[in-house]
Amino acid sequence: MKNEERLVKKITQKSKDFSKWYVEIIKKAEMADYAPIKGMMVIRPYGFAVWENLQNLLDLRIKETGHSNAYFPLFIPESLLEKEAEHLEGFSPEVAWVTHGGKEELEERLAVRPTSEAIIGNMYSKWIKSYRDLPVLINQWANIVRWEKVTRPFLRTTEFLWQEGHTVHETAEEAQKETMMILELYKEFAESELAIPVISGIKTEREKFAGAEATYCVEALMADGKALQMGTSHFLGQHFSKVFNIRFEDRNQKLQYGWQTSWGVSTRLIGAVVMAHGDDSGLKLPPRIAPIQVVIVPISGGDWQKTVLPVATRIKDELKQAGIRVKLDHREEFTPGWKFANWEMRGVPLRIEVGPRDIKNNQAIAVRRDTGDKTPVALDELKEKVRATLADIQKSLLKAAFKYQQDNSYEVDNFEEFKSVLENQRGLIKTFWCGASACEDRIKNETMGTIRAVLLDKDKSGKANGKCILCGKETDKLVYFARAY
RNA sequence: CGGGGAGUAGCGUAGCUUGGUUUAGCGCGCCUGCUUUGGGAGCAGGAGGUCGCCGGUUCAAAUCCGGCCUCCCCGACCA
């Protein structure tokens with residue numbers, strides 16, 4: 001008990017003030033820091049290393065499914081952004097404009113991209129002439145600027161990093177298939193790499209991407225009971241191809257407009273990882289994306305440099321050779337206890353302690369960040385044990401997050417109960433909705449709950465019909481409600 | 001964007017109401033030395049500040065006034 005108190009003495013408790021806890025962890029773990037411009041942050045090396053790991057793992061999947069990376073301009077001429085009316089209307093409140101080059105005012109304002117459909121559509125119209133040019137499967141990793149009014153590190157920042165895929169297909173079916181394939185890819189990625197279980201579905205008219213025919217999404221439930229959108233996959237139909245004139249001659253020698261998709265995930269995912277797994281001692285990073293998977297803390301004291309350090313160094317080399325991201329913390333200016341707490345703050349999944357006692361027994365102590373379990377491990381089994389434990393930590397983080405999601409999911413069918421859940425427990429509410437924007441709006445006004453996703457048929461598991469939670473009308477739309485970020 | 005709160009050393013803060021007693025104080029951290037080191041070490045000595053920025057009032061401003069910037073909370077808006 002006393003130990004636990006000491007561990008948490010410097011951090012705001014997660015349960016007491018979630019948003020303060022969140023910001024504090026991000027700053028203390030040196031993930032990010034505020035920049036002197038509203039809503040902008042610096043992603044510090046430790047945070048950026050998480051992003052790089054996450055990026056590599058996702059990039060691999062994007063390429064495995066046939067896409068290539070490219071890079072398009074940061075600026076979009078106003079005339080291009082204006083072409084798709086809904087798109088412009090949706091984004092115009094958040095666009096940052098460049099009006100001058102040096103001292104001269106520009107003839108035409110340039111938007112700093114809030115997303116790249118317009119500039120990419122413009123280029124695609126030049127590149128696509130025949131069905132033989134299709135499909136076009138391009139992704140770009142880029143920065144985006146949206147002038148948001150309320151910002152929070154990683155979750156919503158004025159500038160953020162993301163990937164955006166932009167594809168063009170011969171047929172609606174093929175584009176639809178791509179949209180769904182990416183949705184599944186995001187879901188699999190979130191669960192197996194970030195250890196965050198997600199729900200998926202389609203957005204309502206109100207919530208869909210400006211200019212899309214349909215928006216599909218993956219959403220996760222955070223520790224404060226609010227939902228966070230983790231990624232979106234849009235079926236764009238021919239909205240953009242018509243205004244950007246992306247036409248091709250099809251197999252029957254007829255001119256046709258291309259069918260498009262776009263999809264993206266951002267640095268927001270880092271915020272999701274922080275919120276989903278962290279606790280009162282700091283971050284808990286899933287081993288798959290942790291910049292440091294194993295930290296070795298030698299117990300200093302006496303002639304440790306001659307006895308303990310060589311063994312610790314040997315362990316480091318062995319693990320490194322096995323492809324494990326390992327760090328040996330041999331700093332003399334800090335005591336072991338301080339290092340324990342510090343690496344816990346940074347969310348390193350596994351700690352290995354080596355001291356004089358261990359050396360006598362030819363062992364080391366392995367301590368898990370997720371459970372706190374301490375286990376002696378024989379030195380000659382260490383490599384295999386570490387590998388297995390990291391895999392197990394990855395699994396158990398997902399399991400714990402999944403349990404949380406289950407424990408905070410509700411199925412209700414009367415509005416009073418619905419209101420009470422959103423007011424008190426929060427969490428995800430599965431219920432029926434008639435499909436009318438009027439009901440959606442009223443529910444939002446009265447409860448602050450929004451429809452995060454309309455379940456796809458395949459996820460409904462037998463529940464075909466029910467009554468709208470608000471108006472009682474018979475409907476087949478099963479939806480997830482939640483308060484959202 | 002509206003309402004409320006805040007900004008003093010790397011972090012947390014006292015001082016502000018009632019301007020001068022402050023050479024701006026304290027805790028943690030930092031530096032040096034010695035002793036320590038299995039859950040945030042101890043002692044001794046030391047360094048570190050344009051009091052968010054700009055301007056005004058005054059003999060005198062961290063303190064009073066105005067403008068601006070940034071952060072937090074509540075709402076509106078929004079991927």
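Below, chains carry the letters A, B, ... as their sequence lines are ordered, and counting in each starts from 1. What's counted below: heavy atoms across the whole structure, side chains too, no hydrogens, waters or symmetry copies.
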Q | Atom-pair distance (CZ on A/Arg368; C1' on B/G39), nearest Å | A | 19 Å
Q) Are side-chain N/O atoms of A/Gln55 and A/Gln163 paired as donor and acceptor at under 3.5 Å? A) no
(Q) Please classify the nucleic acid contact of A/Ser19 as base, sugar-phosphate, or nothing, using heavy-atom distances under 4.0 Å. (A) sugar-phosphate
Q. Looking at side-chain heavy atoms only, is the closest gap between A/Thr167 and A/Trp263 below 4.5 Å?
A. yes
Q: Find the partner of B/G39: check Watson-Crick (N1-N3 plus N6-O4 or O6-N4) and G-U wobble (N1-O2, O6-N3) distances, both under 3.5 Å, and reply none if neither fits.
A: none
Q.
Is the phosphate of B/C72 approached by A/Tyr34 (side-chain N or O, under 4.0 Å from OP1 or OP2)?
A. yes
Q: Please evaluate the base of B/G12 for a donor-acceptor partner in the side chain of A/Glu24 within a cut-off of under 3.5 Å?
A: no
Q) NA contact type, A/Arg452, heavy-atom cut-off 4.0 Å: base, sugar-phosphate, or nothing? A) base
(Q) Checking side-chain polar atoms at under 3.5 Å, does A/Glu213 have a donor or acceptor matched by the opposite partner on A/His239? (A) yes
Q. Taking atom P in both B/C59 and B/C68, what distance in whole Å separates the two?
A. 28 Å
**Q.** B/G66 to B/C26 separation - C1' atoms, rounded to the nearest Å
**A.** 33 Å
(Q) At 4.0 Å (heavy atoms only), tell me whether A/Met448 reaches a base, stays on the sugar-phosphate, or touches nothing. (A) sugar-phosphate
(Q) Looking at A/Gly264, is its backbone amide N or carbonyl O close enough to the side chain of A/Tyr186 to form a donor-acceptor pair, meaning the two atoms are under 3.5 Å apart? (A) yes
Q: Select one nucleotide: of B/G39, B/C78, B/C1, the one nearest the side-chain heavy atoms of A/Lys149.
A: B/C1
Q: Both distances under 3.5 Å, Watson-Crick or G-U wobble: report the partner of B/C30, or none.
A: B/G46
Q. For A/Arg357 and A/Thr232, take the nucleotide of RNA chain B holding the closest heavy atom to each; which residue's nucleotide lies nearer the 5' end?
A. A/Arg357
Q: Side chain of A/Lys38 only, please: which of B/C1, B/C72, B/C71 is the nearest?
A: B/C71
Q. Contact class for A/Glu219 vs. all strands (heavy atom < 4.0 Å): base, sugar-phosphate, or nothing?
A. base
Q. What is the distance, rounded to the nearest whole Å, between atom CG of A/Asp33 and atom P of B/G10?
A. 12 Å
(Q) Without decimals, in angstroms, what is the distance between A/Lys444 NZ and B/A76 P? (A) 7 Å
Q. How far, in whole Å, is B/G52 from B/C69 if one measures between their C1' atoms?
A. 7 Å
Q) When rounded to the nearest Å, what value does the distance between P atoms of B/A44 and B/C54 take? A) 40 Å
Q: State, with a plain yes or no, whether a side-chain heavy atom of A/Arg331 is found less than 4.5 Å away from one of A/Trp338.
A: yes
Q: Identify whether NZ of Lys or CZ of Arg in A/Arg351 sits under 6.0 Å from the centre of the six-membered ring of A/Trp343 and within 45° of that ring's axis.
A: no
(Q) Strictly by Watson-Crick or wobble contacts shorter than 3.5 Å, is anything paired with B/A6, and which nucleotide is it? (A) B/U70
Q.
Under 4.0 Å, counting only non-hydrogen atoms across every strand here, what does A/Gly337 touch: a base, just sugar-phosphate, or nothing?
A. sugar-phosphate
Q. When all nucleic acid strands are considered with a 4.0 Å heavy-atom cut-off, which category describes A/Glu353: base, sugar-phosphate, or nothing?
A. base
Q: Spell out yes or no: do the side chain of A/Thr335 and the base of B/U37 have one donor N/O and one acceptor N/O closer than 3.5 Å?
A: no
Q: Would you check if the distance from the ring center of A/His166 to the ring center of A/Tyr124 is below 6.0 Å?
A: no
Q) Is the base of B/G10 touched by the side chain of A/Lys28 through a donor-acceptor pair closer than 3.5 angstrom? A) no
(Q) What is the separation between atom CZ on A/Arg44 and atom P on B/G10, rounded to the nearest whole Å? (A) 13 Å
Q) Counting any heavy atom closer than 4.0 Å, what does A/Gly39 reach on the DNA or RNA strands: base, sugar-phosphate only, or nothing? A) sugar-phosphate
Q: Identify whether any heavy atom of A/Arg156 sits under 4.0 Å from a base atom; if not, whether one sits that close to sugar-phosphate; answer base, sugar-phosphate or nothing.
A: base
Q: Identify the nucleotide, in any strand shown, that forms a Watson-Crick or G-U wobble pair with B/C1, with both distances under 3.5 Å; if there is none, say none.
A: B/G75
Q) Base, sugar-phosphate, or nothing: which does A/Arg331 touch, judged by heavy atoms less than 4.0 Å apart? A) nothing
Q. With a 4.0 Å cut-off on heavy atoms, is A/Lys203 in touch with a base, just the backbone sugar-phosphate, or nothing at all?
A. base
Q. For A/Tyr46, is the NZ or CZ atom of A/Arg346 found under 6.0 angstrom from the centre of its six-membered ring and inside 45 degrees of the ring axis?
A. yes
(Q) Rounding to an integer number of Å, can you tell me how far A/Ile26 CD1 sits from B/C71 C1'? (A) 14 Å
Q. Taking for each residue the nucleotide of RNA chain B bearing the nearest heavy atom, is the 5' side occupied by A/Lys339 or by A/Glu148?
A. A/Lys339
Q. Do A/Ser233 and A/Thr179 have side-chain N/O donor and acceptor atoms under 3.5 Å apart?
A. no
Q. Taking atom P in both B/C51 and B/A24, what distance in whole Å separates the two?
A. 10 Å
Q) Which part of the nucleic acid, if any, lies within reach of A/Val150 when heavy atoms closer than 4.0 Å are counted: base, sugar-phosphate only, or nothing? A) base
Q: Mind calculating the distance between NZ (A/Lys20) and P (B/C71) to the nearest angstrom?
A: 17 Å
Q) When all nucleic acid strands are considered with a 4.0 Å heavy-atom cut-off, which category describes A/Pro356: base, sugar-phosphate, or nothing? A) base
Q) Quick one: A/Trp338 CH2 to B/U37 C1', roughly how many Å, whole number? A) 14 Å
Q: For the side chain of A/Ile299, starting at C-beta, report the closest nucleotide among B/G39, B/U37, B/U70.
A: B/U37
Q) When rounded to the nearest Å, what value does the distance between C1' atoms of B/A61 and B/U22 take? A) 13 Å
**Q.** Nearest-Å distance once atom P is located in both B/A41 and B/G49
**A.** 28 Å
Q) Whole Å only: how far is the CZ atom of A/Arg206 from the P atom of B/A76? A) 11 Å
Q) Considering only the P atoms, how many Å lie between B/G29 and B/C43, rounded to the nearest integer? A) 11 Å
